[in-house]
Amino acid sequence: MESFGSFRRKFAPWDDPAAKPYIRFENVTKTFGDFTAVNDLSLDVFNREFFALLGASGCGKSTLLRMLAGFEEPTSGRILLDGQDLRGIPPYRRPVNMMFQSYALFPHMTVEGNIAFGLKQDGMAKSEIDARVGEMLKLVKLEQFAKRKPHQLSGGQRQRVALARAVAKRPKVLLLDEPLGALDKKLREETQFELMDLQYKLGLTFMVVTHDQEEAMTMADRIAVMDHGRIMQVATPAEVYEAPASKFVADFIGNVNLLEGAVEKAGSGEVEIAAATQGLTIRADTSKALSSGQNVWFAIRPEKIRIGREKPVDASFNAVEGELWDIAYFGDMTVFHVRLDNGDLIKASSLNAVRKVENPLTYDDRVWVSFDTDAGLVLTA
Amino acid sequence: MNTTWSRFNIASVVLGFAFLYLPIVLLVIYSFNESRLVTVWAGFSTKWYFALFNNRGLMDAAWVTARVGVLSASIATVLGTLAAIALTRYTRFRGRLLFSGMIYAPLVMPEVITGLSLLLLFVAVNFDRGFWTVTLAHITFSMCFVAVVVQSRLVTFDRSLEEAAMDLGAPPVTTFFKITLPVILPAVISGWMLAFTLSLDDLVIASFTSGPGATTLPMKIYSQVRLGVTPEINAICTILIAIVATGVIIASLINKRREVQRIRDEQAAFRI
Amino acid sequence: MQKLITAIAGRLVIVVPYLWLLLFFLVPFFIVLKISFSEVAMAIPAYQPAFDLSQGLAANFEKLKKLSLDNYQWLLDDALYFKAYVSSLTIAAVSTVLTLLVGYPLAYGMARAPSTLRPTLLMLVILPFWTSFLIRVYAWIGILKPEGLLNQFLMWAHVIDTPLTILNTNTAVFIGIVYSYLPFMVLPIYASLEKMDYSLIEAAQDLGCPSFTAFWKITFPLSIPGVVAGCFLVFIPAVGEFVIPDLLGGSQTLMIGKTLWSEFFSNRDWPVSSAVAVVLLVILIVPIVLFQRAQARAQESGK
């Protein structure tokens with residue numbers, strides 16, 4: 001088993017064939033009139049997993065979440081939670097709670113009142129409610145704001161009230177709809193870690209919907225990349241980035257160069273591709289079974305491409321010359337756009353590991369870009 | 001629009017408001033006139049106000065109007081709120097087009113038609129005309145106004161509040177009473193006030209649907225106005241204007257204070 | 001159990017107001033329609049029930065056959081009715097134009113007022129709407145009558161020597177309608193002007209357009225939805241107006257609301273007054289439908 005990137009914790013029930021899924025979507029389809037929001041989708045999520053649904057707006061990720069919460073019923077297929085079929089169970093009877101994108105804090109109730117609302121619905125004793133509310137306020141560090149109304153809180157505080165309210169009932173699954181969407185960038189980064197911490201502490205299953213790939217990559221154990229109501233890939237963040245299943249996923253997550261070409265020689269574990277870009281021969285490691293003449297794409301991330309003025313020692317493969325067309329300086333790194341002689345652009349990035357560079361690359365320089373045989377991925381779809 | 005206020009603009013606003021308010025101001029001033037001749041000023045007096053309280057017929061009519069107003073406004077508020085919910089929440093049900101038509105039509109329907117048709121209904125079913133028929137008629141047309149006021153609030157209502165309540169375990173009916181109703185309450189209250197004022201004002205529909213013993217204040221005023229302008233009518237009109245103006249001004253002051261408080265709270269939240 | 005309650009409550013929300021409106025709004029119309037087709041004699045004496053379910057369906061069906069168009073024939077034959085309809089429409093149309101002329105500058109002035117002043121001005125426009133319609137019309141009697149305040153003022157100012165006759169003329173009716181319906185005109189126009197982006201005017205001026213031309217080419221076209229809504233809101237109720245022509249108008253002021261009223265209360269001719277109502281409704285259906293369409297379109301573009 002190859003492994004990609006660094007991982008946070010030893011937690012991979014999806015690799016264990018004996019593990020029972022906690023949430024199970026079975027061939028779920030949801031249509032609104034002519035529009036198919038979710039299309040014959042199957043998915044397993046495991047207990048205590050931090051799972052992210054990632055996709056552009058309208059890809060069906062929110063619909064999936066709302067079906068689990070009970071606000072929508074699947075048109076066909078079924079959803080199981082901890083072995084129980086959820087069909088026909090109204091939202092107020094489901095052991096899941098949701099944190100809304102708008103937070104949906106009740107404006108006429110105090111912070112305490114908001115957090116206690118769900119507990120009161122369960123008919124919990126007053127003393128117990130008070131204890132639980134206190135515990136929740138402590139958890140989100142809002143003890144001194146208990147008596148305030150939502151409009152008397154800042155955006156970050158409202159977000160934490162919404163979170164406390166949703167976890168107060170100890171749901172089997174916590175659903176988070178764009179939980180950080182309304183926060184500014186700095187606060188968002190801090191809150192990401194707080195959420196991960198909280199999930200670990202409470203031992204709950206989190207299912208988060210987001211369109212922000214950085215957010216999904218940072219927080220989630222696994223990510224499902226969605227498009228047009230279908231799941232394109234389910235994998236850990238590192239796998240999604242380093243081993244995308246398709247052109248769509250490769251292009252959707254991060255930056256990528258997609259080079260089209262035809263298979264020249266297919267061997268065991270290696271392939272040689274004649275790229276559409278003239279004069280470029282690609283040699284890449286692959287475990288895919290490919291046949292000669294087959295049309296393929298070679299996906300390679302910019303940071304895995306070397307760039308320099310000198311011609312590589314062996315320029316017969318995985319190397320091509322071009323003109324430096326554009327430079328985007330980001331501080332921590334620089335992205336170079338190299339224009340090949342046929343007009344194609346290749347992006348290469350390099351880390352600015354030292355402060356001073358002698359004779360830096362500049363516009364119109366003739367440069368060579370090159371990469372190793374294990375730097376990219378051959379994709380057939 | 002952020003702009004300069006030109007002399008022309010100021011003039012049109014001043015003249016416009018003079019036109020709107022001068023007749024009412026004159027009416028109020030002449031209610032304090034000593035002379036029986038309404039248009040000749042003969043000194044300040046409050047005698048017409050005292051005369052009012054000895055006018056048995058007028059007092060009875062005022063009492064009828066107050067009862068009709070409170071009762072019809074309250075029932076109309078309940079029905080109108082239900083109708084508003086039906087219109088905003090149930091986008092598809094059989095006969096929805098007819099339903100929305102029946103909500104909007106009374107808003108522009110000439111009162112003579114509404115009054116005549118209701119009267120013919122009461123006669124057709126042999127219902128004795130009086131207090132109850134006026135009340136029923138007032139409920140019918142003012143519930144449509146309430147529905148429109150509440151509906152405009154419901155349209156901007158954040159549905160995720162209700163979803164959040166249900167998600168936290170509150171069944172729909174509980175959700176309505178604990179979340180939806182408290183949030184839209186200001187609109188419901190202004191709907192009630194509108195319904196009450198409409199009932200207080202109505203002459204035409206009441207004239208058609210009323211019967212012996214249920215003369216409302218506008219009917220009484222109307223029958224006296226036909227006989228000529230008298231200081232007593234000026235006095236009762238002044239009292240009515242004062243009641244309504246006080247109500248509206250208090251309501252807007254409360255609103256304004258709440259708004260100021262809200263802004264102050266929000267600023268406080270961001271200082272922390 | 002909970003589900004059952006929810007389902008019942010969900011039904012009630014629609015069914016209760018629906019039934020109420022069917023019973024007290026729609027059914028009465030059919031009764032008006034039916035009576036407008038019945039014989040004059042049938043409804044006199046006035047308290048005889050117009051139809052009786054105890055007679056059974058067959059008897060009522062018999063009655064249906066007797067439907068007559070006599071009352072409508074009567075409306076056609078007597079020029080008075082035709083004149084009243086035409087005159088109602090004319091008076092309403094003239095008043096609507098006058099209200100627009102008074103209301104537009106007021107709304108425009110309000111929209112350009114300093115933003116701190118605008119809520120107060122808005123409240124001042126709405127306030128008269130809350131005070132009794134009857135009282136506001138009544139207030140004009142004291143002003144307009146021959147020995148009234150307007151004539152006193154004009155004679156004191158030596159503008160005129162002999163009192164003008166305004167009360168009990170169509171002029172008084174115009175004044176009354178403009179006055180009473182002014183808020184209905186001002187509010188929609190103000191709403192459309194207030195949300196207008198003033199930088200549009202600045203852009204027009206920047207592109208070389210003088211202020212007055214900028215008003216005609218930019219401001220006014222953008223306020224047209226408000227103007228249209230305001231005109232309908234004044235015109236439609238003004239056609240069927242009763243109180244204003246009755247109190248301010250004279251014997252020569254013909255308006256259909258007044259005709260219906262006297263037909264009903266003085267002549268006690270229910271079938272004819274029902275026919276008058278039906279025709280009035282038919283006339284008003286066109287502007288009402290146009291108004292609803294304009295509103296729907298405004299809502300669409302507002303989204």
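Chain letters run A, B, ... following the sequence lines, proteins first, then strands; residues in each count from 1. Heavy atoms only: backbone and side chains are in, while hydrogens, waters and symmetry mates are out.
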Let me know if [X] has heavy atoms under 4.5 Å from chain B in its side chain, its backbone, both or neither.
X: M109(A); answer: side chain
X: L105(A); answer: backbone
X: R165(A); answer: both
X: F106(A); answer: both

Quick check: are there more than 12 heavy atoms from other residues, nucleotides or ligands sitting under 6.0 Å from [atom1] of [X]?
X: L97(B); atom1: CG; result: no
X: R96(B); atom1: CZ; result: yes
X: Y21(B); atom1: OH; result: yes
X: F93(B); atom1: CZ; result: yes

Between V96(A) and D167(B), which heavy-atom pair has the shortest distance, and what is it?
->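 In terms of heavy atoms, the two residues are closest at O-OD1, 3.5 Å.
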Check P172(B) against Y92(A) and note the closest heavy-atom contact, atom names and distance.
->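 Result for this residue pair: CD-CE2, 3.1 Å.
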Does some side-chain heavy atom of L161(B) sit less than 4.5 Å from a side-chain heavy atom of S102(A)?
->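 Counting from C-beta outward, S102(A) and L161(B) never come under 4.5 Å.
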Side chains of I179(B) and H108(A): does their closest heavy-atom pair fall under 4.5 Å?
->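 Contact flag for I179(B)/H108(A) side chains = yes.
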Going through the distances and angles, do Y103(A) and D158(B) end up as a side chain to side chain contact (heavy atoms under 4.5 Å, CB included)?
-> CA-CA 11 Å; Y103(A) 307 148; D158(B) 180 5; over 6 Å; no
I would like to know whether Q121(A) and K178(B) meet side chain to side chain contact (heavy atoms under 4.5 Å, CB included); could you show each step before the answer?
-> CA-CA 11 Å; Q121(A) 300 309 318; K178(B) 286 203 166 171; 3.9 Å; yes
Checking side chain to side chain contact (heavy atoms under 4.5 Å, CB included) for the pair E163(B)/R66(A): CA distance, chi angles, key distance, verdict?
-> CA-CA 10 Å; E163(B) 291 183 342; R66(A) 291 172 60 80; 2.6 Å; yes
Please round to the nearest 0.5 Å and tell me the distance separating atom CE of M166(B) and atom CE of M98(A).
->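 Between atom CE of M166(B) and atom CE of M98(A) there are 12.0 Å.
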Rounded to the nearest 0.5 Å, how far does CZ of R159(B) lie from CZ of F71(A)?
->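 Answer rounded to 0.5 Å: 10.5 Å.
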What part of T174(B) gets closer than 4.5 Å to chain A, counting heavy atoms only: side chain, backbone, both or neither?
->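 Contact with chain A involves the side chain of T174(B) alone.
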